[in-house]
Amino acid sequence: MKKAIGFLCLFLFIYQGISSAEEYTLKDIFSLALQRSEQIRISEEEFRISEAGKDKASSFLIPKLSLFGELRRYKEGKVIPGGQILQPETSSLWGIRLDQSISIGGNEFISLGISKDNIEKNRYEIYRIKEEYLYGVAVQYYNVLSAERALEIGQSNVARLKSHRDAAALRLKVGEVTKTVLLRAEAELEGAYSDLVRMQNNLAIAKVTLIRLVGVNEDFTLKESEDELAETLSIEALKEIAYAERPELRGIMIQNEIAKKQVRYSRGFFLPTVSVEAVFTQRDDEPESDLFMEESFYGGIKLSFPFFEGGLRKAELRESLSRLRQAELAISDIKKTIEVEVQSAYLDVIANQAVIEKLDAQLNYAKENYGAVSKQFDYGLATSLDVMDANNLLTTTEKQLSDEKATYRLSLLRLKKATGTLVKSVLGENKGGIQ
């Protein structure tokens, strides 16, 4: 009875340990990655910095209101002949000042427009970082699945080689084969065991990398999505989607607008600046003096123009014009890059589909071939080398098909990334490219 209870407790403990492992789909991994990524949080802080930059630019359009005050105590008061106080013993002064400066070229408004464009540019930069990051997460996700599948294939290979070793040992006892056949089978089995150790190590490394990248718990399992053939749009339609969605292109187009405004901003320094001020002051002296007004209020307008500044304005204008040309060239360059990336990803998807179909057929033939050769060996109609060749063909085909399926799924994600729709598809906003 005690033993039964002990076995029951052990079973419950093992079951609880197994059931506590969290299972994640690719979508689950993506969701966790977006929540926990330091890279994304850093880019979001950069976005907040650009929002603060807009507030700073807006502040230059609002008049500055300041209070000032002072208190003076003189060593002694001074009185001129006639009893008029020239210098009081104490004097206090306070006031309110209103200042506003506006350049005739409208630089303050241009600066505000640039700051708003920077916010939008950083928004697309966050999107770009998310696309890059999620694709990297997907690579590690499929690395873990591929390593798990490779381990399963390795274990199946060990099982087949053990079966063949046992069959060779049995036939050696009855004198149907020589000892070299058994030794060859033993050597192949030991090699499979060593491969199994490497596969276990590769799986551990892949899991550690995914844990570091996403922040999942160490005890986890991955659920693989079902295979499905993606219906893709035409290559021209995919390029049009990429032109509309790629955050890099959208960002560089905003940068081009910023460069145009920067040229206007630099030209604005060739125009005067108008400053307006209004000041109210109140003064109290002890003893009082008729020489100073107790209250005063004045307003003024000032026009300033830097006549000579050593060529600074011309240099800044040349610099802004060069940055504008850079932005225009960058748009042309990134469009060419996008075309190549979309076409490359599209061709990979089509090629991987065809390869998977061929490998599926090859795997069926390899399984049938191994089964037939194994039976022939049992009846003395095939040699041990025939069995080894059939087993190697089966193992190699299984591994190739597993790797090709992972490559195919990654090529689908790469096509989404190339068209700029990867994040939208993760968030459930499937707007183009892959249906």
Side-chain angles (χ1 to χ4, degrees), residues 18 142-207 221-229 348-411:
I18 295 173
Y142 285 114
N143 281 346
V144 173
L145 288 177
S146 295
E148 289 178 344
R149 180 59 182 150
L151 185 59
E152 293 173 2
I153 293 171
Q155 291 169 342
S156 298
N157 183 41
V158 168
R160 289 193 297 269
L161 290 174
K162 285 177 67 176
S163 178
H164 175 65
R165 188 271 314 271
D166 295 341
L170 183 61
R171 294 189 63 195
L172 178 63
K173 286 183 180 180
V174 298
E176 294 182 359
V177 297
T178 62
K179 190 174 183 180
T180 56
V181 173
L182 178 60
L183 293 177
R184 175 64 186 269
E186 291 282 3
E188 290 287 340
L189 180 58
E190 292 301 321
Y193 275 127
S194 64
D195 290 339
L196 204 60
V197 172
R198 282 192 291 269
M199 293 171 186
Q200 290 171 339
N201 184 63
N202 291 339
L203 176 58
I205 293 174
K207 282 192 170 184
T221 59
L222 298 181
K223 182 179 180 181
E224 191 171 5
S225 59
E226 295 294 330
D227 289 339
E228 57 182 21
L229 296 179
D348 280 345
V349 169
I350 302 302
N352 289 332
Q353 287 178 350
V355 171
I356 287 174
E357 291 176 2
K358 299 300 181 183
L359 286 175
D360 271 328
Q362 182 178 338
L363 181 59
N364 291 331
Y365 297 142
K367 287 180 178 179
E368 293 179 5
N369 178 62
Y370 177 77
V373 172
S374 296
K375 289 181 180 179
Q376 290 174 356
F377 178 78
D378 292 339
Y379 292 105
L381 301 176
T383 66
S384 178
L385 290 177
D386 293 333
V387 176
M388 298 298 176
D389 288 342
N391 180 68
N392 289 337
L393 176 62
L394 177 56
T395 302
T396 301
T397 305
E398 286 179 331
K399 187 66 171 65
Q400 288 177 342
L401 181 58
S402 174
D403 291 343
E404 194 63 36
K405 285 182 177 180
T407 302
Y408 169 68
R409 296 188 186 99
L410 279 175
S411 68

List the atom of [X], the atom of [Y], and the distance in Å for their closest heavy-atom pair.
X      : Y      : answer
Leu363 : Glu398 : CD1-CG, 3.4 Å
Ala167 : Phe377 : CB-CE2, 4.1 Å
Glu148 : Leu203 : CG-CD1, 3.4 Å
Val349 : Tyr408 : O-CE1, 3.9 Å
Glu404 : Asn352 : OE2-OD1, 2.6 Å
Val181 : Ser384 : CG1-CB, 3.5 Å

Next item on the list: Check the pair Asn391 / Leu161 against side-chain contact (heavy atoms from CB on, under 4.5 Å), numbers first and verdict last.
Entry: CA-CA 8 Å; Asn391 180 68; Leu161 290 174; 3.6 Å; yes
Note to self: I'd like to know if the side chain of Asn392 reaches the main chain of Met388, judged simply by a donor and an acceptor atom lying under 3.5 Å from each other, with no hydrogens or angles considered.
What the structure shows: yes
Notebook entry, point to check: Backbone N or O of Arg198 within a donor-acceptor pair of the Asn202 side chain at under 3.5 Å?
Noted result: yes
How many angstroms lie between [atom1] in [X] and [atom2] in [Y], if you round to the nearest 0.5 Å?
X      : Y      : atom1 : atom2 : value
Leu182 : Leu172 : CG    : CG    : 5.5 Å
Leu359 : Lys405 : CG    : NZ    : 9.5 Å
Asp348 : Leu410 : CG    : CG    : 10.5 Å
Thr221 : Leu145 : OG1   : CG    : 10.0 Å

Note to self: Could you check whether Thr383 and Asp386, counting side-chain N and O atoms only, form a donor-acceptor pair closer than 3.5 Å?
What the structure shows: yes
Margin query: Could you tell me if Ser374 and His164 have a donor-acceptor pair between their side chains, going purely by distance under 3.5 Å?
Written below: no
Checklist line | Qualifying side chain to side chain donor-acceptor pair (under 3.5 Å) pairs with a residue from residues 175-185, counting only residues at least two apart or across chains | finding: Arg171-Glu176, Thr178-Thr180, Arg184-Glu188
Note to self: Run the side-chain contact (heavy atoms from CB on, under 4.5 Å) test on Glu357 and Asp360 for me, step by step, so that the C-alpha distance in whole Å, both residues' side-chain angles and the decisive distance to 0.1 Å come before the verdict.
What the structure shows: CA-CA 5 Å; Glu357 291 176 2; Asp360 271 328; 5.7 Å; no
Note to self: Thr397 vs Leu393, test: side-chain contact (heavy atoms from CB on, under 4.5 Å). Steps then yes/no.
What the structure shows: CA-CA 6 Å; Thr397 305; Leu393 176 62; 3.8 Å; yes
Checklist line | Partner residues of Glu152 under the side chain to side chain contact (heavy atoms under 4.5 Å, CB included) criterion, sequence neighbours left out | finding: Arg149
Margin query: Whether Asp403 and Lys399 form a salt bridge (side-chain N of Lys/Arg under 4.0 Å from carboxylate O of Asp/Glu) is what I want to check.
Written below: yes
Item checked: Ile350 vs Gln353 side-chain heavy atoms within contact, under 4.5 Å -> yes
Next item on the list: Sort out for me which residue in Leu394, Leu189, Val387 forms a side chain to side chain contact (heavy atoms under 4.5 Å, CB included) with Arg160.
Entry: Leu394
